[in-house]
Amino acid sequence: MNLKRIFGALLTALGIGGLIYTAILFVNSSNSNYAIKTLVVFGILGIVFFTAGISLIRTTKDES
């Protein structure tokens, strides 16, 4: 069992979830300042988690 790959998959799933949540907020938002700040925060966190998870999966070597 490779713990790094599992953690990378978890980070990737969290990133995808954050990006989907950002898209839902974007569709349902009005033009308030709070909505814009929330969109930016969740969008940036989603991108960071997604890229960190993908890079962790790609750089971890298989151990047979």
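- Phe26 meets the side chain to side chain contact (heavy atoms under 4.5 Å, CB included) test with Leu39; sequence neighbours excluded.
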Donor-acceptor contacts under 3.5 Å from residues 13-25 side chains, at least two apart:
unit_1 : atom_1 : unit_2 : atom_2 : d
Thr22  : OG1    : Gly18  : O      : 2.8
Thr22  : OG1    : Gly43  : N      : 3.2

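- For the atom pair Arg5 CZ and Thr12 OG1, the distance stands at 11.0 Å (nearest 0.5 Å).
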Side-chain donor-acceptor contacts of residues 48-57 below 3.5 Å, not counting sequence neighbours, with atom names and distances?
unit_1 : atom_1 : unit_2 : atom_2 : d
Thr51  : OG1    : Ile47  : O      : 2.9
Thr51  : OG1    : Val48  : O      : 3.1
Ser55  : OG     : Thr51  : O      : 3.1
Ser55  : OG     : Ala52  : O      : 3.0

